[in-house]
Amino acid sequence: METRNTEIADLFKKTADFLEIAGTNPFRVRAYRNAARTIKSLARSITDLLTEDPDLTRLSGIGKELDDKIKEIIRTGKLGKLEELEERVPAGLHRVLKVPGLGPRKVKALYDKLSIRNIEDLRREAREGRIRELAGFGQKTENRILRDVDRLDSNEKRTLWITAENIAGSLREHLGFDLSNRDLIVTGSFRRRKETVRDLDVLVASRDSKAIMERFVNFDQIDRVLANGHTRASILLRSGLQVDLRVVELSCLGAALHYFTGSQAHNIAIRRLGRQKGLKINEYGVFKGDRRIAGQAEEEIFTSVGLPYIEPELREDSGEIQAAREKRLPALIALNDIRGDLHCHTDDSDGRNSLEEMVRAAETKGYEYIAVTNHTGSLKIARGLKAADVRHLIKKIDRLNQRLSHLVVLKSMEVDILKDGELDLPNDILEELDFTVCSIHSHFGLSRAEQTERILRAMDNPYFNILGHPTGRLLNRRPAYRVDLDRLITAAAERGCFLELNAHPERLDIDDVHCRSAKDKGVRVAISTDAHGISDLDFMRLGVAQARRGWLEPQDVLNTRGLDQLMKLFKRS
DNA sequence: GCCGTTTTCGGCCCGACTGTTTTCAGTCG
């Protein structure tokens, strides 16, 4: 499914960029971008939706024209409109648009006046001093182009959420706020809990913006200052992360919090609702004419447009506003709904802590159960266990369980799915386990069809319970292997299997879109840490955050269940 | 190009900051 939806979204995004350079009406450009976002965040494949109802104008932001264009892409794999644009606008300008400070108007001017058609042209003209001669350009712009033109790729780098959290902690310390002080809030995609962030949006409520700004631009991790105004400043850190600071008065904090949390699309949708009610909404508050009627608390923004409060994780304009209006917002899962961890390693395979240490850590968390899921034999690099070792470990866990009073250690394994879809342990051993997590650790290069068949075959084994880290991606390091996840979710629903949401900060696998997809098809998700040491058990909060982005409620999640119910769910038949 | 409890045409979120300008366009979020 991903390919089709992503393909359509990418073509629309690209069309928007080219239309922008061509100088089209900006609202038309926005229509393409909105449609791209809508399609990308769909929980189901477009082709699926089409078989149910050929009219796609029921999707928000898709009208008659774009409905036709989607069908054109599905039919031909191409978009005529884009090809037509590419004849008028050089393809290389797409990349020139990525240079910070160069928007569509400036790019068009560079093309019209200096015939700049790509990054190489841009670099040459800047070096030769011709850009500063243009009307509307100057020395500073030229210098900036020369500085930034060679690091476009690092601009596109995104920072892991957990890394951003660390940086935010250092910044908070530097600015002199203690962690419990509610007056420094990290907003933006960080607050929406996106798995990676491009920048950090920091909001401070204070009267004394000058002192804070001054300290901010002297942060020790800084590479350079990008902007520095009265209430707003931006810095680039050496790590490549951009940090934007905004200082507002306490009386505006709620409105500013809503505004800076975004997403931009969500804000636009909320402000449009405001306009329909004759209100103006900005970062300072909600206004009726000149009179400010709300803005101190974030809830007031929603109340003013007649909606209940919407959690930050849902604010992507992907159906949350309609759900709010119809009073069917999900009651999102929270960390304290979690009753155990279903994927942990010990030093019996590649973990850093012993079984006893992991169990004690789980007890400290107040868990009712923890599953020990070591690797199986074919994964030699992780010192995977052979059948005899597994039997030995099972006995060890049985003995341990007799001593424990508040917590049960579940006997499990992270079973390798072999190339042919066989599981890496014989069924007579699998039968002795409480359940299994089955994962792919090899042959990532199979074709989409082969990889899908491989996993489907594994799922046919009656002892297959949870599909571990279903796409195998490592954020910023390794793309997902090619697989038809939509089909796997359907298959899991049919067979009574489950999907893991691996909470490791580099995995967060499955993503938010597929959480929604699983929920829609009635497949429950196990939020698991894949801990290789006691400190990793804390990754659970990241998994829960991702689940919230995926609209999951406690009942959609496997490990919110008590032990008895959990064991019943693991019995396939 | 989308959209409609005021609309099928005429709107479309809103403001800060920079650089290039002498009052503002372009970019960004």
Side-chain angles (χ1 to χ4, degrees), chain A residues 12 15-16 19-21 23-38 56-70 81 97-110 131-145 148 155 187-190 192 197-203 209 213 225-236 242-248 252 255-256 258-287 301 305-306 317 325:
Chain A
F12 279 177
T15 305
L19 282 171
E20 206 169 27
I21 298 170
T24 317
N25 171 3
F27 296 105
R28 196 166 163 205
V29 175
R30 186 199 282 174
Y32 276 91
R33 297 229 163 93
N34 285 344
R37 201 171 28 72
T38 297
L56 291 174
T57 61
R58 65 189 187 279
L59 302 174
S60 87
I62 310 284
K64 178 83 186 64
E65 293 268 332
L66 289 177
D67 179 30
D68 284 346
K69 290 193 165 66
I70 290 169
K81 171 104 187 164
L97 199 57
K98 302 272 185 272
V99 177
L102 296 186
R105 310 299 280 264
K106 287 224 154 80
V107 170
K108 183 165 193 311
L110 290 168
I131 286 174
R132 69 187 146 199
E133 309 291 341
L134 291 181
F137 291 76
Q139 185 72 61
K140 285 192 174 175
T141 306
E142 190 174 270
N143 291 347
R144 188 173 169 168
I145 289 170
D148 290 339
N155 283 345
T187 63
S189 52
F190 181 87
R192 300 200 312 278
V197 301
R198 207 188 61 78
D199 54 20
L200 217 47
D201 297 292
V202 179
L203 181 62
S209 71
M213 290 294 181
V225 178
L226 300 172
N228 191 2
H230 289 296
T231 65
R232 182 170 204 159
S234 293
I235 57 177
L236 184 67
Q242 181 176 327
V243 186
D244 301 327
L245 172 71
R246 182 69 182 262
V247 182
V248 297
C252 303
H258 180 260
Y259 171 62
F260 287 106
T261 297
S263 63
Q264 194 175 29
H266 170 90
N267 286 352
I268 289 173
I270 292 286
R271 287 174 179 198
R272 193 170 50 216
L273 282 182
R275 287 183 69 92
Q276 286 168 9
K277 293 180 185 296
L279 303 172
K280 185 178 76 167
I281 300 172
N282 60 27
E283 60 262 55
Y284 300 109
V286 180
F287 297 84
I301 309 301
V305 295
D317 192 26
R325 204 187 286 142

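The sequence lines fix the lettering, A, B, ..., with proteins before strands; numbering per chain opens at 1.
- Rounded to whole Å, the P atom of dT20(B) lies 30 Å from the corresponding atom of dC13(B).
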Exercise. Determine, stepwise, if the pair Leu273(A) / Arg325(A) fulfils side-chain contact (heavy atoms from CB on, under 4.5 Å).
Key: CA-CA 11 Å; Leu273(A) 282 182; Arg325(A) 204 187 286 142; 3.6 Å; yes

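- Along DNA chain B, the nucleotide nearest Arg28(A) and the nucleotide nearest Gly138(A) are compared for position; the residue whose nucleotide lies closer to the 5' end is Arg28(A).
- Across all strands shown, dC9(B) pairs with dG4(B); the Watson-Crick or G-U wobble distances both stay below 3.5 Å.
- At whole-Å resolution of the value, CD in Glu142(A) and P in dG19(B) are 14 Å apart.
- Set against dG29(B), dG19(B), dG1(B), the side chain of Asp244(A) has dG29(B) as its closest nucleotide.
- Rounded to the nearest 0.5 Å, atoms CZ (Phe12(A)) and CD1 (Ile70(A)) are 4.5 Å apart.
- The pair Arg33(A)-Glu20(A) meets the salt-bridge criterion, with a side-chain N (NZ, NE, NH1 or NH2) lying under 4.0 Å from an Asp/Glu carboxylate O.
- Nucleotides dC17(B) and dT21(B) have their C1' atoms positioned 15 Å apart, rounded to a whole Å.
- Expressed to the nearest 0.5 Å, how far CD of Gln139(A) lies from CG of Asn143(A) amounts to 4.5 Å.
- When the C1' atom is compared between dG26(B) and dT8(B), the two are found 34 Å apart, to the nearest whole Å.
- Backbone-only contact: Leu66(A) has heavy atoms under 4.0 Å from sugar-phosphate atoms and none from a base.
- With rounding to whole Å, Ile301(A) atom CD1 is found 17 Å from dC13(B) atom P.
- Note: CD1 (Ile21(A)) to C1' (dG26(B)) measures 15 Å, nearest angstrom.
- Using a distance-only test at 3.5 Å, with no hydrogens or angles considered, no donor-acceptor pair links the side chain of Asp201(A) to the main chain of Thr187(A).
- Residue Leu273(A) contributes atom CG, which lies 12 Å from atom P of dC13(B) at whole-angstrom precision.
- Of the listed nucleotides (dG19(B), dC12(B), dC2(B)), dG19(B) has the atom at the smallest distance from the side chain of Thr141(A).
- To the nearest angstrom, C1' of dG1(B) lies 7 Å from OH of Tyr32(A).
- Rounded to whole Å, the distance from CZ on Arg272(A) to P on dC3(B) is 8 Å.
- A close approach under 4.0 Å does occur between a side-chain nitrogen or oxygen of Lys140(A) and OP1 or OP2 of dG19(B).
- Summarising the geometry of Phe137(A) relative to Ile131(A), their closest heavy-atom pair is CB-O, 3.3 Å, with the distance given to 0.1 Å.
- With Ser234(A) contributing its side chain and Leu226(A) its backbone, the two residues share no donor-acceptor pair below 3.5 Å.
- Ranking dG29(B), dC13(B), dG1(B) by closeness to the Lys69(A) side chain, first place goes to dG1(B).
- When each of Phe260(A) and Thr57(A) is assigned the nucleotide of DNA chain B with its nearest heavy atom, Thr57(A) is the one assigned upstream, toward the 5' end.
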Quiz prompt | From CA spacing to verdict: side-chain contact (heavy atoms from CB on, under 4.5 Å), Leu134(A), Leu110(A) | solution = CA-CA 8 Å; Leu134(A) 291 181; Leu110(A) 290 168; 3.8 Å; yes

Quiz item: What's the verdict on side-chain contact (heavy atoms from CB on, under 4.5 Å) for Ser189(A) and Arg198(A), showing C-alpha distance, side-chain angles and the deciding distance?
Solution: CA-CA 8 Å; Ser189(A) 52; Arg198(A) 207 188 61 78; over 6 Å; no

Practice problem: Determine, step by step, whether His266(A) and His258(A) satisfy the side-chain contact (heavy atoms from CB on, under 4.5 Å) criterion, reporting the C-alpha distance in whole Å, the side-chain angles of both residues, the deciding distance to 0.1 Å, and the verdict. | Solution: CA-CA 10 Å; His266(A) 170 90; His258(A) 180 260; 3.3 Å; yes

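- Comparing dG4(B) with dC14(B), their C1' atoms sit 22 Å apart, to the nearest whole Å.
- Nucleic acid contact for Pro26(A): none, since no nucleic acid atom lies under 4.0 Å from a heavy atom of the residue.
- Residue contacts shown for Ile62(A) are limited to sugar-phosphate atoms, with no base heavy atom under 4.0 Å away.
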Atom pairs under 3.5 Å: protein N/O with N/O of nucleotides 21-25 of chain B:
none

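- When the P atom is compared between dT18(B) and dC9(B), the two are found 45 Å apart, to the nearest whole Å.
- Here the separation of dG19(B) from dG10(B), taken at their C1' atoms, is 34 Å to the nearest Å.
- In summary, of the residues considered (Arg271(A), Arg37(A), Arg192(A)), a salt bridge (charged side-chain N to carboxylate O under 4.0 Å, His left out) with Asp317(A) occurs for Arg37(A) alone.
- Across dA16(B) and dG11(B), the matching C1' atoms stand 25 Å from one another, rounded to whole Å.
- Checked by distance alone, Asp201(A) brings no side-chain donor or acceptor within 3.5 Å of a matching partner on the base of dG29(B).
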Under-3.5 Å N/O pairs linking protein and nucleotides 14-17 of chain B:
{"residue": "dC14(B)", "atom": "OP2", "partner": "Arg275(A)", "partner atom": "NH1", "Å": "2.7"}
{"residue": "dC14(B)", "atom": "O4'", "partner": "Arg271(A)", "partner atom": "NH1", "Å": "2.8"}
{"residue": "dG15(B)", "atom": "OP1", "partner": "Lys280(A)", "partner atom": "NZ", "Å": "3.1"}
{"residue": "dG15(B)", "atom": "OP1", "partner": "Asn282(A)", "partner atom": "ND2", "Å": "3.1"}
{"residue": "dA16(B)", "atom": "OP1", "partner": "Tyr284(A)", "partner atom": "OH", "Å": "2.7"}
{"residue": "dC17(B)", "atom": "OP1", "partner": "His230(A)", "partner atom": "N", "Å": "3.1"}
{"residue": "dC17(B)", "atom": "OP1", "partner": "Thr231(A)", "partner atom": "N", "Å": "2.9"}
{"residue": "dC17(B)", "atom": "OP1", "partner": "Arg232(A)", "partner atom": "N", "Å": "2.7"}
{"residue": "dC17(B)", "atom": "OP1", "partner": "Arg232(A)", "partner atom": "O", "Å": "3.3"}

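- Atom CD of Glu65(A) and atom P of dC3(B) are 12 Å apart (whole Å).
- At dC28(B), none of the side-chain N or O atoms of Ser234(A) fall inside 4.0 Å of OP1 or OP2 (strictly under the cut-off).
- As a whole-Å value, the separation of Ile145(A) CD1 from dT18(B) C1' is 14 Å.
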